[in-house]
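Start at 1 and go down the list; that is how both ligands and their atoms are numbered. Side-chain atoms are counted along with the backbone in the values below, which use heavy atoms only and exclude waters and symmetry mates. Residues: numbered from 1 along the sequence shown.
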Amino acid sequence: MWGGRFAGGPAAVMREINASIAIDKRLWREDIAASRAHAAMLAAQGILSSEDAAAIDSGLEQVAAEIADGKLVEDPALEDIHMHVEHRLGELIGPVAGRLHTARSRNDQVATDFKLWVRGAIDEALLGIDALEAALIARADEHAATVMPGFTHLQSGQPVTLGHHFLAYREMLVRDRSRFADSRTRMNESPLGSAALAGTGFALDRVATATALGFDRPTANSLDAVSDRDFAVDYLHAAALTAVHLSRLAEEIILWASQPFGFVRLPDAWSTGSSIMPNKRNPDAAELVRGHSARIIGDLVAMLVLLKGLPLAYAKDLQDDKPPVFDAHDLLALSLAAMAGMVADLEFVPSKMRAAAAAGHATATDLADWLVREADVPFREAHHIAGRAVAEAEAAGSTLDGLTLADLRAIDPRIRADALACLTVESSVASRTSAGGTSPVRVKEAVAAARAASRSPA
Ligand code: ARG
């Protein structure tokens, strides 16, 4: 397709290093859609006759049908998906196929195709996020009052509700969704018509092709348009941060399912066994979500490094933009689906979670707060008194709520009977009613607000 000025063919290895069809064949739908929009515009502008445009359009439709049928014949000599489509079009409709590439370059072509693909990937990611969000909200509703230890430094801190914990992840997803949506808005400009790098002398209607392909407007600068891959970076950043959030949740599931925690039983559907240890029940899916995040982060880094030293405009380095994006898309889709499935199916053991919350003397802050509120003790002093109560409980092999009123009054006589009531984990979580707090009342409200705000019914 470009051999006019060459006498010899490429070396075998040149052909091999140059060929991207095995990877960029995933752009075929976008390539055909953009070509059809381009041909229609050329005809409307009188650059292409309407008969030629009609032949090209139905030919492209046929190529699409063949590829959809799995009939794409890959030939490394044809380099990439753009040349494969054009070549097959030529076989089907003859030399008129050669008119399709008027006022177009593979540089604006690939930028357009790839943007369309990434835009679709964003829409898919948004759906995956919606599904996981729905699972989180449903479990939060179910467990609005289920008490578990809340950790700082992975040390038992204060009791929290499992519903509140789930909704914390939902907040991360809300931000992830806005990052994807934001990058979609920013990227939605059509590079088509930028040609190789400088624009073209043909009287194109770039607004027409942009509109036909669902873009908001054409890009403003041809040099930027053919070499810009910021949209891929934006996508990968949103994907990487989403993957990091999934990895944190995966890590918690792995911890919770471990025997010393025992907060949760991973159902058979999300567990694997060991080939040697018959007792094992491994959280492989959660571990792979955690592992996949490393690869998605790597995809983001690969894309940034690919771009960092590139002078304007297009360089073939940019052909390597696709593997990280495809990889991240596939891994993120699987991770979101696996996480939604796990969250929906986890079998919690509330008795274990409650016992763990109580075992950590996690209501010590509540005792200190009682002293401040009911006995007018300054918080620092109250903190000290509650600390002595914890030491007393520990020495007695008890939990804080196992101490008697006499035990507590021996530490400080200002403590009265009603202080005992605030030492249970249930009263602790019930008391945390500040906006954004863990109390079941606030969690139920947050569930209702999340449902009202979510795009899909939870
Ligand atoms: N396969 C190429 C890519 O993905 C298409 C653009 C080729 N352009 C060029 N001038 N060789 O980047």
Side-chain angles (χ1 to χ4, degrees), residues 1-6 8-11 13-35 37-38 60 63 67 72-90 97-98 100-121 187 190-200 209 213 219 221-233 235-236 299 302-329:
M1 297 228 177
W2 40 253
R5 56 110 69 218
F6 289 86
V13 174
M14 174 64 216
R15 189 161 278 177
E16 192 181 337
I17 196 172
N18 206 29
S20 57
I21 183 61
I23 291 157
D24 61 27
K25 62 185 173 191
R26 291 181 69 166
L27 298 177
W28 70 267
R29 279 188 194 81
E30 291 75 17
D31 193 71
I32 285 173
S35 287
H38 182 65
L60 285 169
V63 176
I67 300 178
L72 175 74
V73 183
E74 288 180 45
D75 175 3
L78 290 171
E79 297 183 15
D80 53 28
I81 186 61
H82 324 291
M83 302 236 282
H84 276 75
V85 169
E86 193 181 326
H87 181 261
R88 182 65 189 141
L89 182 66
L100 169 63
H101 214 52
T102 309
R104 188 178 75 169
S105 154
R106 269 189 296 161
N107 297 348
D108 61 338
Q109 192 177 358
V110 73
T112 305
D113 295 359
F114 194 34
K115 258 194 181 180
L116 289 172
W117 197 93
V118 171
R119 201 175 69 187
M187 71 171 277
S190 172
L192 199 58
S194 299
L197 74 165
T200 166
T209 44
L213 296 170
T219 52
N221 181 298
S222 61
L223 286 168
D224 175 54
V226 293
S227 64
D228 167 42
R229 296 294 183 273
D230 292 2
F231 62 90
V233 175
Y235 167 75
L236 287 170
D299 291 326
M303 182 67 71
L304 285 167
V305 178
L306 184 74
L307 295 175
K308 109 183 159 58
L310 278 193
L312 293 178
Y314 178 86
K316 201 61 174 265
D317 311 42
L318 290 175
Q319 182 163 282
D320 278 339
D321 59 0
K322 285 157 219 87
V325 168
F326 293 161
D327 185 58
H329 164 271

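The atoms of ligand 1 that sit less than 4.0 Å from any heavy atom of Lys322 are 3 (C), 4 (O), 12 (O). Near Arg106, meaning under 4.0 Å from one of its heavy atoms, ligand 1 places the atoms 6 (C), 7 (C), 8 (N), 11 (N). Shown in contact with Ser20 at under 4.0 Å from a heavy atom are these atoms of ligand 1, numbered in order with element: 1 (N). Against a heavy-atom cut-off of under 4.0 Å, Gln319 is close to the following atoms of ligand 1: 1 (N), 2 (C), 3 (C), 4 (O), 12 (O).
Considering both main-chain and side-chain atoms, Tyr314 comes within under 3.5 Å of ligand 1 through a nitrogen or oxygen pair.
Nearest protein heavy-atom neighbour of atom 5 (C) of ligand 1: Asp80 OD2, 3.4 Å. The protein heavy atom nearest to atom 9 (C) of ligand 1 is Asn107 OD1, 3.4 Å.
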*Go through the steps for Asp113 and His82 under the test side-chain hydrogen bond (donor to acceptor under 3.5 Å, both in side chains), then give the verdict.*
CA-CA 9 Å; Asp113 295 359; His82 324 291; 3.2 Å; yes
*Check step by step if side-chain contact (heavy atoms from CB on, under 4.5 Å) holds for Thr219 and Ser194.*
CA-CA 8 Å; Thr219 52; Ser194 299; 3.7 Å; yes
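Heavy atoms of other residues, nucleotides or ligands lying less than 6.0 angstrom from NZ of Lys308 number 12 at most. Atom CD1 of Ile17 sits in a sparse spot, with 12 or fewer heavy atoms from other residues, nucleotides or ligands closer than 6.0 Å.
Counting heavy atoms closer than 4.0 Å to ligand 1, residue Gln109 contributes nothing at all.
Between Pro324 and Leu236 the shortest heavy-atom distance is O-CD2, 3.8 Å. Minimum interatomic distance between Ala34 and Thr112 (heavy atoms only, all atoms of both residues): CB-CG2, 4.1 Å.
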